[in-house]
Every structure is written in structure tokens, then in C-alpha cells.
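A short write-up of the structure that comes next.
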There are 2 protein chains.
Amino acid sequence: MKNKPESPHCSTCGSRHKSVFCSIESEEVKEIDNIKGCNFFDRGQVIFHEGNRVNGIYCINKGKVKIYQTGSEGKEQIIRFAKEGDIIGYRALLSEEPLSASAATLDDAVVCFIPKSQVLKIIQNNPSFNFKMLKILSHELGEAARIITDLAQKPVRERLAESLLLLKDTFELDEDKNIQVKLSREELANIIGTATESVIRLLSEFKKDKLIDIDGRNIKLINIPALTREANIID
Amino acid sequence: MKNKPESPHCSTCGSRHKSVFCSIESEEVKEIDNIKGCNFFDRGQVIFHEGNRVNGIYCINKGKVKIYQTGSEGKEQIIRFAKEGDIIGYRALLSEEPLSASAATLDDAVVCFIPKSQVLKIIQNNPSFNFKMLKILSHELGEAARIITDLAQKPVRERLAESLLLLKDTFELDEDKNIQVKLSREELANIIGTATESVIRLLSEFKKDKLIDIDGRNIKLINIPALTREANIID
DNA sequence: TTAAAAACATGAATTTTATCATATTTTTGT
DNA sequence: ACAAAAATATGATAAAATTCATGTTTTTAA
């Protein structure tokens, strides 16, 4: 049986200082703490669903999250990932549009919810937070553009190599060079827009070519420079 | 010989009222007018180039613009379009990153330049403008996500149908249902991420199937509902 | 106006990638 | 612990899309 964990507090939140909330005044922190909600998710649970209206933003206190759209054939397309300290749902909130994507946990996670009114209040009263939001959005937009170009132009093999490197940058490697996130072959396929079988075959090839090692969903990057070349990344 | 045209003024700019600047005070308009620069471009000229630093935003007074990235094989990937009243270059300015894409004119165009200092001043002093920027960025991000899913999941034929509909929505149709922008087959291919020959073949098919009519670079949409079905768009 | 260049067009061959079929392994729930 | 379900794996086939070759038309520049 699972112990009901304690709701985290913003004032003691370890990830706050590396997040968009790092420049928030202690007065504001208290206010957020009082008004925020907190939810505990098991692996694979949906945090919010594409098409719905959103009434605040979600702040990931713990855990890893995938943000994905459902294509016209019902196939999942992973747009991006989020982790501890990241916020999600802000796009729909700020554009005043329905959610363009769903979010689901990749492991057990703790996610806080800050209501719209509070978010808007901070944006209006805290120029530094405001500018951080502009920065996050415009950075994301640049990332999206690069993904568009890669999907449009790179073959599947290069896209897979690239997404392994992306996962490395996002979730980092442990001491044994394992990517610190566990994804199914199908989820990998849903990042790069290919068939699950293609991912399985290409991962085996990468392993045979000594670029990676595989143990179940554990992927070890043993030759990152070669992977970078496979991904055809110049910079 | 070409007459040197008069530089436009923000105070009399017809497109200002439907732009992000619609809520700017007349005092601020004067200020922008004094500090802004203006450039006249012929068709096909580059406004700014990927990788460079940007020191302000560009406001399109007249003309149509493509924003594109160069892929690792040197192939152009069109990310989005902009037209009269739109601003470009704001992503790099706000993220304080190099330009993630280049911009080039699709016809003769007039483009004004507003320096960074002035833009930041407006953002700080005009909450309405500020919020509009947040809204533009987050809307763009939603569009980008949809493009990612389509590129990853839809076959070339559907993507072409969809991009014709996108061009219709962006540039509108004239009284004869012609899309109000002239693109080469190669440029169409560079939107949807395919080979020029594929676009040529598929356009012929669409014509044969009475979905469109073609006269050079003029594309007439004669059966939009059927095109929508071809594009596999539900909403 | 005319030659050169670029864009458009079309068929054939090739490559890439997806789909289908079928095992095998791993995970999950009782 | 065990059956069922899900995920992984692999080969064969099919479909999708690109590349290459070549010819025609249109545009551009001298």
C-alpha cells in the first residue's frame, strides 16, 4: 500500500530556483502556495487532454512528462517533454485557445496547479517573470522550427539518432551513460514519426554498430560523437 | 526605371490597426515613427539571415514573406509565411538567441525596422502590447505543433492538400478562387518536405481530379471541401 | 530578340519506409 | 505462480516516395 505523500510547498520546492519561478518574491511565493493545488500521478496517467480548456498552468514538482498530439488516424505524436521544474499548459492559457496537446506522465509524478488568475497576476506585477515567459515561448518556437525541418528533411535513421541525443540533453545520462528516461519503442517511434518496427530495427543496428547498448528500455549512449554524425548535426 | 517610393508612416499605416500595434497610443506611435527605419525589397531578396543576431523587429508594411530554415543538406524548409501587418524577427529578439530562420520576400515588399530598445520599451510600458506578444508566440507554438504532427504522420498527398488550404487561409483567394500568392513548385515542396517532382505530379493529379485548376503558378481552388477531405482534416 | 538559364513535366528505376505475418519475450493482473 | 496481454523482434512483401534521366516550356538577362 502506498503512503499518501505530503503536498510539496513552493517555499521549500527544490526545483523552484532553476525554474521560471526563480525570481519570484517570497511574498508572491506564499500567495502561490496558498492558492495552488497539487496532484499525485502514477506512471502513464493523463494530466490534461488536448481540446479541453485550461484554467491555469501545471508545474512539475517531480517526474517526467510527455506532451503529445493525436493525429488524424489516432496516432500519438510526441511534441516535447517536460520534467521537474518545468511548467506545462501555459501555451493554451496565454493564447486563450483549447489545449493543442495532451500531457501524460512517464513515471510517478507530482504536479502542482496554479490558477489562471494567479498566473496573470504574476505576469502583470513581475516584469522579470513576464520576460521569462516571453523567453520560454520564443525559445520553444525555435526548437519547434528545428523539429519541423528535421522531420521534413531527415531520413528515419538520422531522426532516431537525433532524438536519442535530444533525450540525452533533456533528461541527461546516469553514471553508466544510460539515458535517464524509459520510453517504449512505440513512444520513440511517436517522437520521430515512424513505425514501431523501424525503431526496433534501427536500434538493433545502432547496437550492432556500437553506437548504443540496449537493455530493455534502457539505452546506453556509448559513442555520442558517432551518433551526432548519424544524426547529421553540424553545430 | 523605378520611382523611389515614399517611406510609410506608422500614423497613416493602413495595416497598423489589424496588427500587434493596434492598441498603441498615439504618443507611442510618434515615437516609433521617429526611430523606425524602412526598406524596400524586390522579389526574392533576403530580409534577414539565419544564424545572425537581430537587433530589432521587422514589421511588414507591404508584401509577402517566407520564413525558412536551411536543413543539413542545404535544402530550404519553409517554416511559415508573413504578410502586411505581421511582424517577424521577434522570436530571436525575445529569446536572445541567433535567428533560427531566414526571411525572404515573395514579391516586392516594404519592411520597417523597429530597434530592440524601442520594442522592449513598449513591452514594458504597454501591458496590452505585452499580452499580445505572449498571445502571438503561444498561438504560433500551437501552429508549429500541428505542423509537426502532420509532417510526422500524413503522407505527401495529404500534406500538399493541407498546405494549399493553409495558403488559402493565410493569403486568401481572389474573386476567381486563385490563391493570392505565387510560389514555385520547389517552394511548395519546401513547405511540405518532399521532392519538387512529387509536387508537380500531385498538382497534376489534383487538377485531373477537379480539385484545383493550374495556370503557371496560379492555383485555383475549385473544390475546397474535397481538398479538405484529401488533407484529412477533421475540424 | 535571342541565347542561356531556370522551372516545369514525365517515365523508369531505385531506395526508403510501412505493413503484414508470426514468433518470442516481458510485463501485468489475479 | 500463472495465464493473458502487451511489448519486442524479425522476415517477407508491399507501398510510398525519391532519384535519375531526359525533354519541354517559360523566364531571364545580355
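Order of the sequence lines sets the chain letters (A, B, ...), proteins ahead of strands, with each chain counted from 1.
- Scanning for salt bridge (Lys or Arg N to Asp or Glu O under 4.0 Å) contacts around K36(A) gives D33(A), with sequence neighbours left out.
- Between R201(B) atom CZ and dA17(D) atom C1' there is a gap of 9 Å when expressed in whole angstrom units.
- In summary, contact between chain B and DNA chain C, defined as any nucleotide atom under 4.0 Å from a heavy atom of the protein, begins and ends at dA7(C) to dA12(C) in the 5' to 3' direction.
- Judged by closest nucleotide on DNA chain D, A195(B) is the one of A195(B) and R43(B) placed further toward the 5' end.
- A salt bridge is defined here as a Lys NZ or Arg NE, NH1 or NH2 lying under 4.0 Å from an Asp or Glu carboxylate O, and R157(A) with E205(A) meets this definition.
- R159(A) comes within 4.0 angstrom of no nucleic acid atom, judged by non-hydrogen atoms across all strands.
- Separating the CD1 atom of I214(B) from the P atom of dT25(D) is a distance of 16 Å, rounded to the nearest angstrom.
- Between the NZ atom of K75(B) and the P atom of dA17(D) there is a distance of 13 Å, given to the nearest Å.
- Side-chain nitrogen and oxygen atoms of S198(B) include none within less than 4.0 Å of the OP1 or OP2 phosphate oxygen of dA17(D).
- One can place CG of L203(A) at 11 Å from P of dT10(D), the figure rounded to the nearest angstrom.
- Here the C1' atom of nucleotide dT8(D) and the CG atom of N218(A) are 15 Å apart, to the nearest Å.
- Between K208(A) atom NZ and dA9(D) atom C1' there is a gap of 15 Å when expressed in whole angstrom units.
- Taking atom CG on L183(A) and atom C1' on dT8(D), their separation rounds to 15 Å, with Å as the unit.
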**OP:** Begin with the C-alpha distance, continue with both residues' side-chain angles, and end with the deciding distance and a verdict on side-chain hydrogen bond (donor to acceptor under 3.5 Å, both in side chains) for R91(A) and S100(A).
**Re:** CA-CA 8 Å; R91(A) 197 214 63 82; S100(A) 63; 3.1 Å; yes
Subject >> Stepwise salt bridge (charged side-chain N to carboxylate O under 4.0 Å, His left out) test for E186(B) and K66(B) >> reply: CA-CA 13 Å; E186(B) 188 178 4; K66(B) 64 177 173 184; over 6 Å; no
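- Among the heavy atoms of the strands, none lies under 4.0 Å from T196(A).
- Using a cut-off of 4.0 Å between Lys/Arg side-chain N and Asp/Glu carboxylate O, E143(A) and R80(A) are scored as not salt-bridged.
- In this structure, R157(B) reaches neither bases nor backbone, as no heavy-atom distance under 4.0 Å exists between it and the strands shown.
- Using cut-offs of 30° and 60° on the angle between ring planes, the pair F81(A) and F171(A) is perpendicular.
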**OP:** Using the side chain to side chain contact (heavy atoms under 4.5 Å, CB included) rule, take L183(A) and I219(A) through it: C-alpha gap first, then chi angles, then the decisive distance, then the call.
**Re:** CA-CA 9 Å; L183(A) 297 173; I219(A) 298 176; over 6 Å; no
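- Protein atom CD of E186(B) is 15 Å distant from nucleotide atom C1' of dT18(D), rounded to whole Å.
- Residue-to-nucleotide proximity on DNA chain C shows that, of V156(A) and E197(A), the 5′-proximal contact is made by V156(A).
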